Amino acid sequence: MELLFIVLGGVLLGFVFHYALPAADTRGVLLAPAVGAVVAAVVWEALTWAGWPADGGWIWVVGLVLPGVAAIVACRVAAVRRRARDTEQFARLLRATT
């Protein structure tokens, strides 16, 4: 049951960071929530296998901070790469028309 809650937390953090960070038009609306969900599930399972108790506080902190960081990184990388590709494509189209 805790796994469901932590994955839901990762999804919600992903949605928050998608809309809170700039350049939301450069990435899909489900990119950050998907990254948050996957990272939350993997981190939670790794920590439970490592012996961290599910009723401990640190597993929840780590289980929510790492998906948040991963969602932020995914948003920033997607925005930078999309802007660079758009600029490159625009330059290529300008060269083709001249």
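What you see is a predicted model; the values in this text were computed from it and never measured.
Val80 and Val69 are assigned to two separate hydrophobic clusters, defined by single-linkage of ILVMFWY side chains at heavy-atom distances under 4.5 Å. With hydrophobic clusters built from ILVMFWY side chains whose heavy atoms lie under 4.5 angstrom apart, Val61 does not share a cluster with Val16. Residue Val65 is not grouped with residue Leu8 when hydrophobic side chains (ILVMFWY) are merged at heavy-atom distances under 4.5 angstrom, including chains of intermediate members.
With contacts defined as side-chain heavy-atom distances shorter than 4.5 Å, the pair Val11/Phe15 qualifies. The shortest distance between side-chain heavy atoms of Arg27 and Leu21 falls below 4.5 Å. Between Arg81 and Val77, some side-chain heavy-atom pair lies under the 4.5 Å cut-off.
Listed for the Arg82 side chain is no donor-acceptor partner under 3.5 Å among the backbone atoms of Ala23.
The structure places CD of Gln89 at 10.5 Å from CG of Leu94, a figure rounded to the nearest 0.5 Å. We find the CG-CG distance between Leu12 and Leu64 to be 10.0 Å, quoted to the nearest 0.5 Å. Arg85 contributes atom CZ, which lies 12.5 Å from atom OG1 of Thr87 (distance to the nearest 0.5 angstrom). Considering CZ of Arg92 and OG1 of Thr97, their distance stands at 13.0 Å, rounded to 0.5 Å.
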Criterion side chain to side chain contact (heavy atoms under 4.5 Å, CB included) on Ile6 and Glu2, from CA distance to verdict: CA-CA 6 Å; Ile6 203 75; Glu2 291 88 0; over 6 Å; no
Below 3.5 Å, can you tabulate the donor-acceptor pairs from side chains in residues 28-52 to any protein atom, sequence neighbours excluded?
| from | atom 1 | to | atom 2 | distance (Å) |
| --- | --- | --- | --- | --- |
| Thr48 | OG1 | Trp44 | O | 3.1 |
| Thr48 | OG1 | Glu45 | O | 2.9 |

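Across every non-hydrogen atom of Trp60 and Ala54, the tightest pair is NE1-O, 2.9 Å.
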